[in-house]
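Have a look at the structure below before the remarks.
Numbered from 1 within each chain, the chains take letters A, B, ... in sequence-line order. As a basis for the values below, the full set of heavy atoms in this structure was taken, side chains included, without hydrogen atoms, waters or symmetry mates.
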Amino acid sequence: MASNAEIAGALSQIAQLLELLGEDKFRVISHQKAARIVEGLPLELGQIAAGGGTPEGLKPARQRLMDVDGIGPKIADKIIEFETTGRIGELDELRARVPAGLGELLQIGGLGPKTVALLWKEAGVTDLAGLKRVIDDGSILGLPRMGEKAVEKLRHAIALHAEGQTRLRLGEALPVAERVVAAMREVRGVKRAEFAGSLRRGRETVGDIDVLVATTDAHAAAEAFCGLPGVRQVLSKGETRCSVRMSVDLDAGRWAGAGEKEEGAGEAPSPAASAGKSVQVDLRVVPEASWGSALMYFTGSKDHNVRLRERALKMGLTLNDYGLFPNDDHETPPQERGIKPVASRTEQEVFKALGLPYIPPELREDRGEVALKKTPTLVEVADIRAELHAHTAASDGELSIEDLARAAMARGFHTLAVTDHSKSSVIANGLSPERLRTHAAAVRAAGKHIKGITLLAGSEVDILADGSLDYDDDLLGTLDVVVASPHTALSQAPELATRRLLRAVEHPMVHILGHPTGRLILRRSGLSPDMGAIIAAAVEHRVALEINAHWMRLDLRDTHVKAAVDAGCLIAINCDVHASSDFDNLRFGVLTGRRGWLPPEQCVNTWAADRLHEWLRSKQGGRRRGGR
DNA sequence: GCCGTTTTCGGCCCGACTGTTTTCAGTCG
């Protein structure tokens with residue numbers, strides 16, 4: 001079965017090739033948009049295209065695909081063709097007409113389809129090597145719009161591309177953004193400063209960082225921004241916008257420490273993974289009176305923003321970053337003609353004027369949020385009262401049971417589950433059955449004398465490649481909490497992965513499916529099981545699917561969380577604590593939950609102690625906590 | 001190529017910055 005990612009990849013390739021061929025730009029946009037939608041879709045389109053799936057099984061596949069907003073008859077047919085034959089005729093034809101190397105050129109900053117097509121048609125450039133050649137021999141200067149400065153910028157962009165500059169993970173980007181915002185708030189004249197963009201939406205990776213300021217002294221703001229510590233290069237500097245490349249701190253890459261070891265051999269940690277990394281940071285200077293509309297404009301995804309503007313137009317209004325204005329179809333933008341906006345000062349005000357409830361930033365992805373009637377209640381960091389996945393020095397953590405308990409108490413938690421690794425995780429010093437019994441007894445003993453928090457004895461038990469668990473049922477039955485997680489064989493085929501995880505979810509003693517796919521963001525993709533089947537089984541067996549809060553993992557990912565939430569599945573947000581500072585990762589897990597529309601009541605970590613403990617006990621056929 | 005509480009045809013979001021073009025095209029978000 002073709003995955004959504006594969007389908008999205010094919011569609012976006014069609015868009016790219018159409019663009020290079022100078023085809024109708026709206027066809028291009030349609031394919032791009034469809035690709036984005038497919039990628040973010042919680043349901044598996046391949047399954048639908050193949051005529052599968054349950055709820056509307058009798059409806060023709062084509063019709064069901066077309067029910068997805070953004071997919072029409074043509075694209076539906078292409079998806080079906082892709083699913084049934086493994087290829088798309090149109091894509092093959094397009095590929096035959098365009099040199100394969102042009103795709104890479106489009107990834108170079110500042111090079112768009114027009115310029116790449118120009119290079120190809122006028123200078124015979126078909127790949128990166130060809131581009132370097134025409135730059136070196138100077139022939140590129142003979143092309144239209146290619147002067148010395150343009151070529152110099154291009155050189156720079158090629159060098160950056162060669163460094164493999166890629167997206168930053170949420171946990172790497174957020175500290176940079178917070179530092180920039182804090183620094184800008186100290187600048188003379190600055191009234192407000194916030195970061196926006198995909199970072200404010202809490203996406204798992206970001207391509208750049210957008211920072212907004214409202215100030216009485218735009219010049220001072222621009223100067224201060226371009227002179228911030230860590231700025232390597234000023235890319236552009238204008239009255240309302242500046243762009244720089246900024247170094248990313250070494251200490252953002254904590255993954256190299258604890259946590260990595262559990263992955264086993266062959267996944268060598270890279271302590272200097274973040275060394276030399278940089279990120280583009282854009283500063284936007286906006287009028288204070290437009291703060292709300294500007295923040296909205298620079299926070300919403302492209303599709304979300306388009307959706308809002310279309311909505312505005314239907315209401316006889318026009319929306320831009322300066323505000324929501326009456327639409328008079330004048331050529332000059334309303335703000336330049338002194339027209340007073342209907343709303344602009346705060347996001348709340350603008351949403352209200354659009355007839356919408358306030359939409360939290362994490363939801364602004366055009367995944368149905370513009371149809372909301374009221375602001376949904378989403379899980380917050382302050383709601384989290386329990387950590388159900390933590391390691392001590394008995395396996396690969398740093399803390400003793402007591403220190404771990406105190407760290408959890410300091411966060412205001414009522415419950416902490418100690419879940420060290422099981423025996424197969426040899427590199428993580430997994431516990432033999434005998435050690436586990438001793439350890440569980442030690443946890444319970446500690447629980448007796450530490451007041452103010454309930455300590456639970458548990459295990460993060462390996463789900464072996466065939467879906468069996470790493471301890472036998474007698475031993476598992478003595479535990480308060482069983483987190484079952486895959487750690488090895490993470491590249492097995494989807495069908496095998498599905499069967500493997502289903503077996504774990506169906507196991508009567510499993511409470512939580514830990515980091516279900518085992519992916520590491522930007523490093524390895526992990527398992528690709530049929531998530532719909534996993535979710536359905538988890539609902540049936542009252543197993544919680546974990547959002548592992550480490551920013552390297554964020555596993556479940558946001559779109560799967562959404563599917564799980566829609567299905568009524570329980571979710572656990574766990575920090576997978578190995579060191580005291582790992583509790584700080586909670587906010588990344590919460591952001592991911594919010595992106596999946598997760599309400600607090602569906603997240604077991606928010607439950608009151610009694611309710612949480614009752615759920616844990618109920619999974620083991622009424623066995624009472626305290627062991628045998 | 002998609003879409004429709006003003007449309008099944010004719011639209012499709014909006015603005016800033018850069019470089020080179022003396023009035024704008026291309027790119028980006």
Is B/dT8 paired to anything, Watson-Crick or G-U wobble with both distances less than 3.5 Å, and if yes, which nucleotide?
-> none
Closer to the 5' end of DNA chain B via nearest nucleotide, is it A/Asp282 or A/Met66?
-> A/Met66
Has A/Ser30 got a side-chain N or O lying under 4.0 Å from the OP1 or OP2 atom of B/dC12?
-> no
Minimum-distance nucleotide (side-chain atoms of A/Lys74 versus B/dT20, B/dG15, B/dG1) | B/dG1
B/dT18 phosphate, OP1 or OP2: any side-chain N/O from A/Lys237 under 4.0 angstrom?
-> no
Measure the spacing between CD1 of A/Ile80 and OG1 of A/Thr85 and express it to the nearest 0.5 Å.
-> 11.0 Å
Among B/dA25, B/dG15, B/dC14, the nucleotide that comes nearest once only the side chain of A/Arg145 is considered = B/dA25
Exercise: do A/His31 and A/Lys74 side chains pair donor with acceptor under 3.5 Å | no
Does any donor atom in the side chain of A/Asp282 or A/Gln280 lie under 3.5 Å from an acceptor atom in the other side chain?
-> yes
From the options B/dC17, B/dT20, B/dT27, select the nucleotide whose nearest atom is closest to the side chain of A/Thr115.
-> B/dT27
Please tell me which of the listed nucleotides, B/dC14, B/dG15, B/dG26, lies nearest to the side chain of A/Tyr322?
-> B/dG15
Side chain of A/Asn320 (C-beta onward), nearest among B/dC17, B/dG1, B/dC14 | B/dC14
B/dC2, B/dC3, B/dC14: which one has an atom nearest the side-chain heavy atoms of A/Asp69?
-> B/dC3
With rounding to whole Å, what would you report as the distance between B/dG26 and B/dT20 at their P atoms?
-> 14 Å
Can you tell me how far C1' in B/dT23 sits from the matching atom in B/dT18, rounded to whole Å?
-> 15 Å
Candidates B/dT27, B/dC3, B/dG1 - which lies nearest the side chain of A/Arg27 = B/dG1
With rounding to whole Å, what would you report as the distance between B/dG1 and B/dT5 at their P atoms?
-> 23 Å
Glycosidic torsion of B/dT7 (syn if within 90° of 0, anti otherwise) classifies it as syn
B/dT7 and B/dC3: how far apart are their C1' atoms, nearest whole angstrom?
-> 10 Å
Classify the nucleic acid contact of A/Lys33 as base, sugar-phosphate or nothing, counting any heavy atom under 4.0 Å across all strands shown.
-> nothing
Across the strands shown, which category fits A/Leu319 at heavy-atom distances under 4.0 angstrom: base, sugar-phosphate, nothing?
-> sugar-phosphate
Nucleotide B/dG26, atom P - distance to NZ of A/Lys25 in whole Å | 11 Å
Check A/Ile14, A/Leu17, A/Ile88 against A/Arg95 for a side chain to side chain contact (heavy atoms under 4.5 Å, CB included) and give me the one that passes.
-> A/Leu17
Can you tell me how far the CZ atom of A/Arg311 sits from the CG atom of A/Leu356, to the nearest 0.5 Å?
-> 4.0 Å
Among the nucleotides B/dC14, B/dG29, B/dG15, whichever has the atom closest to the side chain of A/Asp210 is B/dG29
Whole-Å distance, A/Asp24 CG to B/dG11 C1', equals 12 Å
P-based separation of B/dG11 from B/dA16 [nearest Å] | 26 Å
Distance only, no hydrogens: is a donor on one side chain within 3.5 Å (strictly under) of an acceptor on the other, for A/Arg167 and A/Thr205?
-> yes
Atom CG of A/Leu212 and atom P of B/dA16 are separated, to the nearest Å, by 14 Å
Ignoring backbone atoms, establish whether A/Thr240 has a side-chain N or O less than 4.0 Å from OP1 or OP2 of B/dC17.
-> yes
Could you tell me whether A/Glu148 contacts a base, only the sugar-phosphate backbone, or nothing, with contacts defined as non-hydrogen atoms closer than 4.0 Å?
-> sugar-phosphate
What nucleotide among B/dC17, B/dT27, B/dC12 has an atom nearest to a side-chain atom of A/Phe26?
-> B/dC12
Give a yes-or-no answer on whether the side chains of A/Ser247 and A/Arg232 include a donor-acceptor pair shorter than 3.5 Å.
-> yes
Taking atom C1' in both B/dG4 and B/dT8, compute the distance separating them and give it to the nearest angstrom.
-> 8 Å
Figure out the CZ/P separation between A/Arg203 and B/dG29, and round it to whole Å.
-> 13 Å
For A/Leu118 and B/dC24, what is the distance between atoms CG and P respectively, to the nearest whole Å?
-> 20 Å
At under 4.0 Å between heavy atoms, what does A/Leu308 touch on the DNA or RNA strands: base, sugar-phosphate, or nothing?
-> nothing
